[in-house]
> 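The structure under discussion is supplied below as structure tokens; questions concerning it will follow.
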Amino acid sequence: MFNTRNSFTIYHSSFTTIKSLEYRPSEIEPKWRRWWQENQVYKVETRADKPKYYILDMFPYPSGAGLHVGHPLGYIASDIMARYKRLCGFNVLHPMGYDSFGLPAEQYAIQTGTHPAVTTEQNINRYREQLENIGFSFDWSRELRTSDPGYYKWTQWIFMQLFNHYYDLEADKALPISSLVARFEKSGNVGVKAACDDDTPVISPGDWNQMTERERQLFLLKYRLTYPGEAFVNWCPALGSVLSNDEVKEGVSERGGHPVERKLMNQWNMRITAYANRLLSGLDTIDWPESIKDQQRNWIGKSVGAAVKFALAEGTNSPEGTTIEVFTTRIDTIYGATFMVLAPEHELVNVIKSEEQAAEVDGYVRWAAARSEIERMAETKKVTGKFTGAYAINPFNQERIPIWIADYVLAGYGTGAVMAVPSGDQRDWQFAKHFDLPIVPISDAQKDLDQAADPTKEGRYINSRLINGMSYEEAVPALIKWLELHNVGKGKTQYKLRNAVFSRQRYWGEPVPAYWKDGVPYLIDEKELPLVLPKIDKYLPTESGEPPLGRAENWKYKGSEYELSTMPGWAGSSWYFYRYMDPNNSNTFCSKEALGYWQDVDFYIGGSEHAVGHLLYSRFWNQFMFDIGLVPHAEFAKKLVNQGMIGGRSNFVFRAKERFFEQFLQKAILIPFFKEFGPNVISSGNYEEDYTYDFTFDKSDLVIEVTSIERQEKIERIKENSAKEGKRLLVLFTETLADHINEPNKIADLIARAMESLEELIVPVDKPVSRQLFVSHDLICDYIADSFTALHVDVNIVEADVLKLENARELPMFEKANFKLNNDGKFTCSHELEKMSKSKFNVVNPDDMVAEHGADCFRMFEMFLGPITDAKPWNTQGISGVSGFLKKFWGLFFDKNGNLAVSKDEPNADELRALHQCIKKVTEDLERMGMNTCVSHFMIATNELRKLNCSKQSVLEPLVIMLAPFGPHIAEELWHILGHENSVCDASWPSHNEEYLKSDTKEYPIQVNGKLRGTVELPSDVTAADAEAAALGLDQIQKWLEGKAPKKVIFVPGRMINIVV
RNA sequence: GCGGGAAUGGCGGAAUUGGUAGACGCGCUGGUCUCAAACACCAGUGAUUUCACGAUCGUGCGGGUUCAACUCCCGCUUCCCGCACCA
């Protein structure tokens, strides 16, 4: 209905179709890719006459390694959906671009001096080639790159908007900083409820008005949504950069695994905490995988509780009126607080420690500070801590409780201090047990407190003065009310989420559009955007330790120094989905018209590894952009799907150690000699022993030593030894054995001759050819496990775990190697599932798959592997099934002589049923992303039509249309063979007709007591009574009734009959 | 420890609101074609048992609900992913 395209498009007609019995993807595919390009078939316009559908892939970082078969999985799925939606009449936006700023290109620049832009360009070209090869329907005219100044101009512009706004808690949205200034002038910040730094002082209008310009700017930084500030950061010396929390895994950098240390640095930050609650509640409005939402909830870490101020007991070293604030989610347990614990880093530790305890406390603080993150995490079970000598007062009962320090309390969370309730909290309980501190029960429902803490909220409170006898629900509000009344605390919500560090001490990123004057940052003029990355001589920090931009000549704005750090990787990816809507606009990040039409992403697809990085930061930026009216929705993606990882299937070959040869000699060769020379003796079970021989015999003075030709020193020692003992010595080189491994008779001959000879020393004269031996995997179970070294072998020279020997011999690792083959004359490898990576030699390149089987086959095979969301191993073996299907489908269009066989005849009922069954199933399955079963349905339909010998256009044409999203090239070819001149992309998706699916009869299964005992053919519209009669009339059913009358007969129309006896 | 997901033939995986478990494909076995091989095509292929008809068992384990359970409920086991001393 929306197919207006063919009315105004003139298609190039120089393309001829290939009418041949044989399906040849290598001829068809490049041809149509060119045709699509020449006719701009995938060009997308903003047009109001069609409903829009925006389907987006998470854009890739173009790495030097290129794409492997795991990458396109999501792209293929999204391409199928995009093409399907287009056939359904939607105007589909399905763009692709590159997240092209990033560390690897810069690391490479440091090593080689090549500008990262050059490397990036090369990598992008390679990606583009690989992507084009697969036949995606991307509108390449919308391609974008985050490192393009035309793009990052707007990244910088959004940064400026963040700088110019603060978060107003009353309006619950971002407001201009200018309105904040107006309020300060009028009434100071007393009435202002806004997200700001914790240490923001209260000021009066007078204070504000007396401030110098510099002081005002510094004060405003406490409110701006992006601001520079001293913060502990994850500093990675090896990478020379600050890393965000999600770039650090287990105390080392995610990329490269370098150590990371905490360092105080002046950094730009993003006040994401202002949005904590909205980022949390927004999750309930979007259709995203539950695991992603949970990870984000966890990362935001909202806890509702109370802040309580504990005064210090008399006699404690501290200024008058000092209190220690703690945060607790269990204020109801406060009467059970028998001690307090501070983090060793807590600022009051040094103040309050008593003189007697000072030495111990200092020692502990030093010890704790010296421990690495890894040590801390490894020893979470170990209880450590010291008493400070100081006491605090519980505000509720005025009891003195000792203050301890311990590193189970984290400086970075809450206030860095906890009230310890050993009866209710397991960590506090362990601490109390260890240091023999009192444990006071606080609820009548608590049990077994001598075994463990019991955090129950059941029961009634005891030992809790104010709340004795109350339930949890009653106690909490009562206590908070009391706290606020007595001004010693308040109800409080705490978030684990920290403000995000935004600076990177790096070159290859967006320059921050700010300059410094008098220690205060200012934004550059908007007209100066983009602030383009300057040229520098080297991509390293300056001698004084400043970021690489410090090397740029004249890197100044009107005489003032620019900010030297650049933005992190996530800056450019936090808003790119809008740029695709209007990619070349130089006046705005995206026009109102484009935004008004495309709105937001309908369907976002990508890997789950971005759960809390990209997906949280981009939601944050989007909420902000929504607040200030830039974008129409608070959430940018309605629906999100994670494609599962494709695991690599690694292959291993087994290289023989000396120990193998000794065993081999024994098992395969020496046993026949026993009769004549008596059983041989193997030296002491340890084959590797240096001073005894590998083999000696009862009735022969010959001894045998197996060793590498390279171990001359060992051979000399053995020679001396045998001469001394009067033994005759046969030295067998492992290399010689390797040479003749597949012809053991030769070795047996050699030994036989040695046995009969009288020579004292026998060393084979032929120089061995082999240096090492590899043993077929199916043979290694006959040997001790330690006889081999397993080595990764390139999976591209292995087929069905059988090594292709001709190809293998060309590899350096198999130079001068011999192979011990199995009984079938083959060499097999073992396999294991691992992550796909270069170092494991298990990377499969999509280009190779396309070259061998065609892009359509590759696309369908990736889908056929299983559900898109599941992790699955890559195994090329099954691809022949899909390839066979495409050949068969192609074959439906031709007769045995290769002539076009498509007829205009009317289809019969069987043919219509096969077609409409397929339409129904494929449509249903596409709607629920079941691409794997779609492929099955195509196979079933094709098999049926082949049996029916059907070549009717009215049946084949709808199938071609349905196949188009999956195998666009073959579909386009067949579409044109059927006589069309436009693209199959502009056809209409067929709909099924239930009438054709009905059949006159149905084979009903008959169960007796739920077990299948027979079937009966019945009319489709059979009544329950008739069905029952027919079922009971069958002999094989009567047999099971044993003459008894059925108790009950259940008849499910169209399903089954069950007889209960 | 917490959260999320999963477990079905030799393998990847199907199975609608509970209704013929194993669709489809790979692999394997047998056959046709061929001098032969490859390709192609046809047939078979969960296990045990039976000459055969058939029977018994069978969706990680143990219970339960139901005429009927891969599917629902209760209790476990194992694996994968994420988080982890979060007060």
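Order of the sequence lines sets the chain letters (A, B, ...), proteins ahead of strands, with each chain counted from 1.
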> With a 3.5 Å limit on both atom pairs, tell me what B/C76 is paired to, counting Watson-Crick and G-U wobble, or say none.
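The answer is B/G60, by the H-bond criterion.
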
> May I ask you to say what A/P867 touches in the nucleic acid, namely base, sugar-phosphate or nothing, with a heavy-atom cut-off under 4.0 Å?
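Result for A/P867 = sugar-phosphate.
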
> Which glycosidic conformation, syn or anti, is assigned to B/G64 if syn requires a torsion within 90° of zero?
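Anti for B/G64; the angle lies over 90° from 0.
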
> Could you please name the partner base of B/G3, counting Watson-Crick and G-U wobble pairs only when both distances are under 3.5 Å?
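The base-pairing partner of B/G3, which may sit in any strand shown, is B/C81.
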
> Please confirm whether the shortest side-chain N or O distance from A/R928 to OP1 or OP2 of B/U16 is below 4.0 Å.
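Looking at the OP1 and OP2 atoms of B/U16, neither is under 4.0 Å from any side-chain N or O of A/R928.
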
> Rounded to the nearest 0.5 Å, what separates atom CD1 in A/I868 from atom CD1 in A/I80?
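Rounded to the nearest 0.5 Å, the CD1-CD1 separation comes out at 8.0 Å.
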
> Is A/D428 touching bases, backbone alone, or none of the nucleic acid, heavy atoms closer than 4.0 Å?
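A/D428: no heavy atom of the nucleic acid under 4.0 Å.
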
> So, is A/K293 close to the B/G82 phosphate, meaning a side-chain N or O under 4.0 Å from OP1 or OP2?
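The answer is no; no side-chain N or O of A/K293 sits under 4.0 Å from OP1 or OP2.
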
> Quick one: is B/A87 close enough that its OP1 or OP2 comes under 4.0 Å of any side-chain N or O from A/S303?
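Result: yes.
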
> Determine, stepwise, if the pair A/R913 / A/E944 fulfils salt bridge (charged side-chain N to carboxylate O under 4.0 Å, His left out).
CA-CA 10 Å; A/R913 192 176 314 114; A/E944 279 176 30; over 6 Å; no

> Is there a donor on the side chain of A/N298 or the base of B/C83 sitting less than 3.5 Å from an acceptor on the other?
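When only heavy-atom distances are counted, A/N298 does not reach the base of B/C83 through any donor-acceptor pair under 3.5 Å.
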
> For a quick test of reading the model, state the closest non-hydrogen atom pair linking A/A343 to A/V409 and the distance between them.
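Residues A/A343 and A/V409, closest heavy atoms: CB-O, 3.3 Å.
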
> Using a 4.0 Å heavy-atom cut-off, does A/I1050 contact any base of the nucleic acid, only the sugar-phosphate backbone, or nothing at all?
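Here A/I1050 touches the bases of the nucleic acid.
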
> Who is the Watson-Crick or G-U wobble partner of B/C86, with both distances under 3.5 Å?
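Here B/C86 is not engaged in any pair, so there is no nucleotide opposite it.
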
> Rounding to an integer number of angstrom, what distance separates B/C74 and B/U65 when you compare their P atoms?
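Approximately 15 Å lies between the P atom of B/C74 and that of B/U65.
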
> Pick base, sugar-phosphate or nothing for A/M1056, based on heavy-atom distances below 4.0 Å to the nucleic acid.
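The answer is base, as A/M1056 lies within the cut-off (heavy atoms under 4.0 Å) of a base atom.
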
> Students often get this wrong, so: under 4.0 angstrom with heavy atoms, is A/T1015 touching a base, only sugar-phosphate, or nothing?
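Since no nucleic acid heavy atom lies under 4.0 Å of A/T1015, the category is nothing.
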
> Would you kindly give the CD-to-C1' distance between A/E944 and B/C24, to the nearest whole Å?
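For the pair A/E944 CD and B/C24 C1', the rounded distance is 12 Å.
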
> Tell me what A/S936 touches on the nucleic acid: a base, only sugar-phosphate, or nothing, going by heavy atoms under 4.0 Å.
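If one applies the 4.0 Å heavy-atom cut-off, A/S936 turns out to touch a base.
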
> With a 4.0 Å cutoff (strictly under), does any side-chain N or O of A/R297 reach OP1 or OP2 of B/G4?
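For A/R297, the contact criterion (side-chain N or O under 4.0 Å from OP1 or OP2 of B/G4) is not met.
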
> In terms of ring plane angle, is the pair A/W890 and A/F894 parallel, tilted or perpendicular, where the classes change at 30° and 60°?
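Tilted: the ring planes of A/W890 and A/F894 meet at 30° to 60°.
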
> What integer number of Å spans the C1' atoms of B/G9 and B/A15?
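My reading of the C1' atoms in B/G9 and B/A15 gives 15 Å.
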
> Remember a base hit wins even if backbone is also touched, and classify A/Q295 as base, sugar-phosphate or nothing at under 4.0 Å, heavy atoms.
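Sugar-phosphate contact only - A/Q295 comes under 4.0 Å of backbone atoms but never of a base.
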
> Tell me the partner of B/U16, counting only Watson-Crick (N1-N3 plus N6-O4 or O6-N4) or G-U wobble (N1-O2 and O6-N3) with both under 3.5 Å; none if nothing fits.
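The answer is none; no pair meets the criterion.
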
> Does B/A14 have its OP1 or OP2 closer than 4.0 Å to a side-chain nitrogen or oxygen of A/N932?
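So the side-chain polar atoms of A/N932 do come within 4.0 Å of the phosphate oxygens OP1 or OP2 of B/A14, strictly under.
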
> If you compare every side-chain N and O of A/R1013 against the phosphate oxygens of B/U56 (OP1, OP2), does one of them come in below 4.0 Å?
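Affirmative; the distance criterion is met.
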
> I'd like the C1' distance from B/G13 over to B/A21, given in whole Å.
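So the two C1' atoms sit 13 Å from each other.
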
> Roughly how far, to the nearest 0.5 Å, is NZ of A/K872 from CG of A/L865?
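That separation rounds to 6.5 Å.
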
> Would you say A/N875 reaches B/G27's phosphate, i.e. side-chain N/O to OP1/OP2 under 4.0 Å?
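So the side chain of A/N875 is outside the cut-off, no N or O lying under 4.0 Å from OP1 or OP2 of B/G27.
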
> Of the nucleotides B/A87, B/G19, B/C67, which one has an atom closest to the side chain of A/V1052?
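For the A/V1052 side chain, the nearest candidate turns out to be B/G19.
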
> Using both distances under 3.5 Å as the test, list the Watson-Crick or G-U wobble partner of B/A52, or none.
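The base-pairing partner of B/A52, which may sit in any strand shown, does not exist here.
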
> Given the P atoms of B/U45 and B/C24, what is the spacing between them in whole Å?
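Here B/U45 and B/C24 have their P atoms 12 Å from each other.
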
> Using only heavy-atom distances, determine whether the side chains of A/K496 and A/N298 contain a donor-acceptor pair under 3.5 Å.
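Yes, A/N298 and A/K496 have a side-chain donor paired with an acceptor closer than 3.5 Å.
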
> Give one of base, sugar-phosphate or nothing for A/V1060, where a contact means two heavy atoms less than 4.0 Å apart.
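Result for A/V1060 = sugar-phosphate.
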
> Sort out the partner of B/G25 for me: Watson-Crick or G-U wobble, both distances under 3.5 Å, none otherwise.
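The base-pairing partner of B/G25, which may sit in any strand shown, is B/C11.
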
> What is the pairing partner of B/A40, taking Watson-Crick or G-U wobble pairs with both distances under 3.5 Å in any strand?
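In the structure as shown, B/A40 has B/U32 as its Watson-Crick or wobble partner.
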
